[in-house]
Amino acid sequence: MIKNWKRVGVVAGLSFTLVAAGCGEGEEEVEENGGDDAADETEMDDEDDEDDEDDEDDADEEDAGGEAGAYNEELDYTITGIDAGAGVMASAEQAIEDYDLDFDLQASSDAAMIGALDDAINNEEPIVVTAWDPHYKFAEHDLKYLDDPEGSFGEAEDIHTIVRDGLEEDMPEAYEILDNFHWEGDHMEEVMLDIYEGTAEEEAAREWVDNNEDIVEDWVDGVDEGDGETIELTLVAWDSEIASTNVIAQVLEDHGFEVEMSALEANHMFTSVANGDSDAMVAAWLPGTHEAYYEDMEDDFVDLGANLEGAAIGLAVPAYMDIDSIEDLQD
Ligand code: PBE
């Protein structure tokens with residue numbers, strides 16, 4: 001059905017490699033992720049003996065509490081990040097500056113960050129990750145955002161649907177469905193969790209659409225069928241956007257369109273809608289996360305408004321870590 005997804009997946013994989021390689025050379029504070037951060041942390045954990053290990057685990061629950069920087073050595077002064085172009089990465093760099101932290105932000109990918117988080121949690125080791133919600137990781141793991149009194153990560157925000165100039169004239173039915181698309185964080189998390197648990201992306205989206213006919217009906221009610229035209233959706237391969245894009249793709253396919261999806265880096269996702277290479281995206285986090293991309297190109301595309309309200313970004317840690325604020329990462 002959505003035939004280009006697999007091919008595009010390979011392209012996305014390649015582009016992440018390029019991002020990582022590019023970072024090693026060019027970017028200031030973003031480091032290439034070797035994917036072995038969890039291993040490093042295990043070593044650090046073994047070395048760090050200033051906390052007594054009288055508890056059932058080595059999570060330093062009692063000892064670290066209140067002491068600024070108590071986890072920093074064990075964390076190897078590293079925040080585990082995702083792809084360098086993500087807005088949450090720019091905000092994390094901002095936080096390092098705002099709180100004067102001696103931390104490096106390690107760039108990788110959403111999938112690699114989740115792998116490191118899973119490993120750390122399995123071993124009850126400390127870890128700090130760039131986080132956002134909606135995301136199943138808050139349901140799956142006992143995680144908490146660190147307080148952000150400086151506001152480096154902004155306020156709660158919305159996820160917008162953005163389409164290319166001219167789509168309304170060229171494909172009015174698809175435009176209308178995209179304009180009507182609106183759901184809740186819990187819905188997105190259901191699809192994300194299903195994918196995390198092993199269901200194929202397209203299938204997880206299909207199931208959600210089939211199980212939520214009443215919601216989907218609001219998006220397509222009174223809209224004429226398309227006549228088999230191809231609509232090109234673009235996204236970044238973040239878990240949240242894989243879920244949303246696959247769901248709207250299923251709905252568009254049900255309504256007489258062929259859908260192609262291209263996973264790109266964040267800046268290219270915006271550019272491709274702005275220059276008309278792609279028809280639409282449902283992945284613009286505003287006003288904060290994608291502010292830089294949006295402001296740069298807002299005259300060159302059409303913002304259809306929020307498809308989801310109340311999203312957020314920040315730094316998160318496992319609940320067993322006894323810190324509550326980004327300030328607790330100061331030395
Ligand atoms: N995210 C998910 C993206 C937006 C969607 C929070 C990782 C970002 O930071 O750009």
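Just so you know, residue 1 is the first one in the sequence shown, and it goes up from there. Both counts, for ligands and for their atoms, begin at 1 and track the order of listing.
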Q: Give the atoms of ligand 1, by number and element, whose distance to some non-hydrogen atom of Glu241 is under 4.0 Å.
A: 2 (C), 5 (C)
Q: Specify whether Trp183 and Trp208 have parallel, tilted or perpendicular ring planes, treating 30° as the upper limit for parallel and 60° as the lower limit for perpendicular.
A: perpendicular
Q | Non-hydrogen atom of Ala266 closer than 4.0 Å to ligand 1 | A | no
Q.
For the residue pair His182 / Glu309, report whether a side-chain donor-acceptor contact shorter than 3.5 Å exists.
A. yes
Q. Going by distance only, is there an N or O of Met89 that falls short of 3.5 Å from an N or O of ligand 1?
A. no
Q. Which atoms of ligand 1 sit under 4.0 Å from any heavy atom of Ser240?
A. 2 (C)
Q. Looking at Ile313, which atoms of ligand 1 are within less than 4.0 Å of one of its heavy atoms?
A. 6 (C)
**Q.** Ion pair check, Asp239 and Lys137, cut-off under 4.0 Å
**A.** no
Q. Quick one: which ligand 1 atoms are inside 4.0 Å of a heavy atom on Thr289?
A. 8 (C), 9 (O), 10 (O)
Q. Do the rings of Tyr293 and His290 sit parallel, tilted or perpendicular, given the 30° and 60° boundaries?
A. tilted
Q. Looking only at heavy atoms, which two atoms of Thr199 and Ala204 are closest? And how far apart?
A. CG2-N, 3.6 Å
Q: For Asp322 and Tyr71, test the side chains for any donor-to-acceptor distance below 3.5 angstrom and give the result as yes or no.
A: no
Q: Look at atom 6 (C) of ligand 1 and say which protein heavy atom is nearest, naming residue and atom and giving the distance to 0.1 Å.
A: Trp132 CG, 3.4 Å
Q. Closest non-hydrogen protein atom to atom 7 (C) of ligand 1, residue and atom name please, with distance?
A. Ile82 CD1, 3.3 Å
Q: Among all protein heavy atoms, pick out the one at the shortest distance from atom 9 (O) of ligand 1; state its residue, atom name and that distance to 0.1 Å.
A: Val88 N, 2.8 Å
Q: Indicate yes or no for a side-chain donor-acceptor contact from Asp296 to the backbone of Ala292 under 3.5 Å, with no hydrogens or angles considered.
A: no
Q.
Considering non-hydrogen atoms of the protein only, which is the closest contact for atom 8 (C) of ligand 1, and what is the distance?
A. Gly87 N, 3.3 Å
(Q) Quick check: do Leu146 and Asp328 have side-chain heavy atoms less than 4.5 Å from each other? (A) no
Q.
Please check whether Trp285 reaches ligand 1 - meaning an N/O of the residue sits under 3.5 Å from an N/O of the ligand, judged on distance alone.
A. no
